[in-house]
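Following: one structure in structure tokens, then a few remarks.
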Amino acid sequence: MVERVIIDTDPGVDDLAAIYLALASPELQVEALTTVYGNIEVETSTRNTLSLLELAGRTDIPVYRGAGKPILRQPYFAKHIHGNNGFGGVEAPNPTVSEAKGYAAMEIVRRCNEAPNEITIIALGPVTNVALALSIDPGLAHKVKKIIVMGGAVRVAGNISPVASFNLASDPEAARVMYESGAPIVQVGLDVCTKVRISQENLDRIRVSGTRPGAFLLEATEFRRKAYIVSLQTPETETGVYYNDVPAVAYALWPELFEVQQAFVSIETTGELTAGQTIAEFTGQWGNPEPNTSILMGVDGERVAKRFADCISTLEAQ
Ligand code: RIB
Ligand code: CA
């Protein structure tokens with residue numbers, strides 16, 4: 001069965017990799033891309049989304065611009081990881097198609113109302129658009145099939161603070177709204193993202209395939225890889241790469257490759273040092289609230305990495 005998806009995104013090299021995985025997979029029908037600030041400003045993320053579709057020959061997919069800032073806070077970006085242009089300084093083609101009319105959150109509401117319980121949202125950036133959509137239409141929580149979110153860190157360290165992930169810490173209030181909305185949430189956090197390393201061998205397979213989207217991804221990856229060597233200081237990054245957003249799309253495709261635990265999860269919004277932390281209640285100390293989240297806690301990382309390379313190698317511009 002083909003899964004209908006809307007991808008909310010802040011491209012971003014990881015987003016590029018994850019969206020190309022989705023576009024290369026006939027099991028997913030990408031109905032729209034919605035953009036958000038995050039790794040870079042929303043103006044750049046929108047342009048990058050149009051450019052990456054251009055490169056893949058998929059300008060038929062509409063792109064809707066979304067939030068330019070968090071609900072309460074000021075945005076911060078991850079240009080040290082993704083470069084000033086979001087694609088590691090590599091120039092992407094000028095889009096020939098403009099963004100669609102309308103706003104991301106409104107479009108999420110409209111499309112999920114038109115097809116209740118059929119559309120999955122894959123959120124690859126700060127979740128401001130998703131929270132806005134759930135606030136415009138609180139009933140949306142029961143009309144969206146599920147929300148797969150790249151974010152969170154339960155048993156591992158965060159990547160923006162010792163306890164929080166970049167995407168959820170960017171807009172903790174939005175994340176709180178989303179987690180407590182009643183929508184079915186799948187948390188694809190750093191617990192699994194740090195276990196899906198795309199080895200040099202798999203990157204080489206993409207290179208050998210010679211596809212234009214694959215070549216662009218590899219070029220954009222170099223900046224990110226160097227930035228990670230500096231910031232994470234792990235030798236693995238010298239011979240492979242982690243694309244945090246890829247496991248979120250991989251879960252939509254191959255859920256059998258992941259270990260899942262159900263729990264009630266909420267988001268710290270007031271902590272001076274911990275804003276954006278995912279608090280997963282496994283202890284019973286909160287009176288056993290009903291689980292609201294499927295948390296991915298384990299993954300067959302090698303299999304995901306291999307399948308990712310297989311898919312990207314077939315993504316010819318159409
Ligand atoms: O983890 C930092 C950022 O890189 C996040 O936005 C994630 O989604 C990736 O794009
Ligand atoms: Ca992202």
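All of these numbers come straight from a predicted model, not from anything done at the bench. Note that ligands are numbered from 1 as they come in the structure, with each ligand's atoms numbered from 1 the same way.
Tyr243 and Phe308 have tilted rings, their planes meeting at an angle from 30° to 60° on a 0 to 90° scale.
In the displayed structure, Tyr103 atom OH is contacted under 6.0 Å by at most 12 heavy atoms of other residues, nucleotides or ligands.
For the Ca ion (ligand 2), protein N, O or S atoms closer than 3.0 Å were enumerated as Asp10 OD1, Asp15 OD1, Asp15 OD2, Leu124 O, Asp245 OD2, with waters left out.
Between the CD1 atom of Ile185 and the CD1 atom of Ile147 there is a distance of 5.5 Å, given to the nearest 0.5 Å.
In this structure, Lys145 pairs ionically with Glu3, as a charged nitrogen and a carboxylate oxygen lie closer than 4.0 Å. Ion pairing of Glu107 with Arg111 is present here, as a side-chain N (NZ or NE/NH1/NH2) and a carboxylate O approach within less than 4.0 Å. Between Glu302 and Lys306, no side-chain nitrogen of the basic residue sits less than 4.0 Å from a carboxylate oxygen of the acidic one, so the salt-bridge criterion is not met. Salt-bridge formation is detected for the pair Arg4/Glu31: a Lys NZ or Arg NE/NH1/NH2 atom is positioned less than 4.0 Å from an Asp or Glu carboxylate oxygen.
Within 4.0 Å of ligand 1, the residues that place a heavy atom are Asp10, Asp14, Asp15, Asn39, His82, Leu124, Met150, Asn159, Phe166, Asn167, Asn244, Asp245, listed by chain and number.
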Pair Ile267-Glu173, side chain to side chain contact (heavy atoms under 4.5 Å, CB included): steps then yes or no:
CA-CA 8 Å; Ile267 304 294; Glu173 288 74 22; over 6 Å; no

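Checked against the 6.0 Å centroid threshold, Tyr37 and Phe77 do not count as a close aromatic pair.
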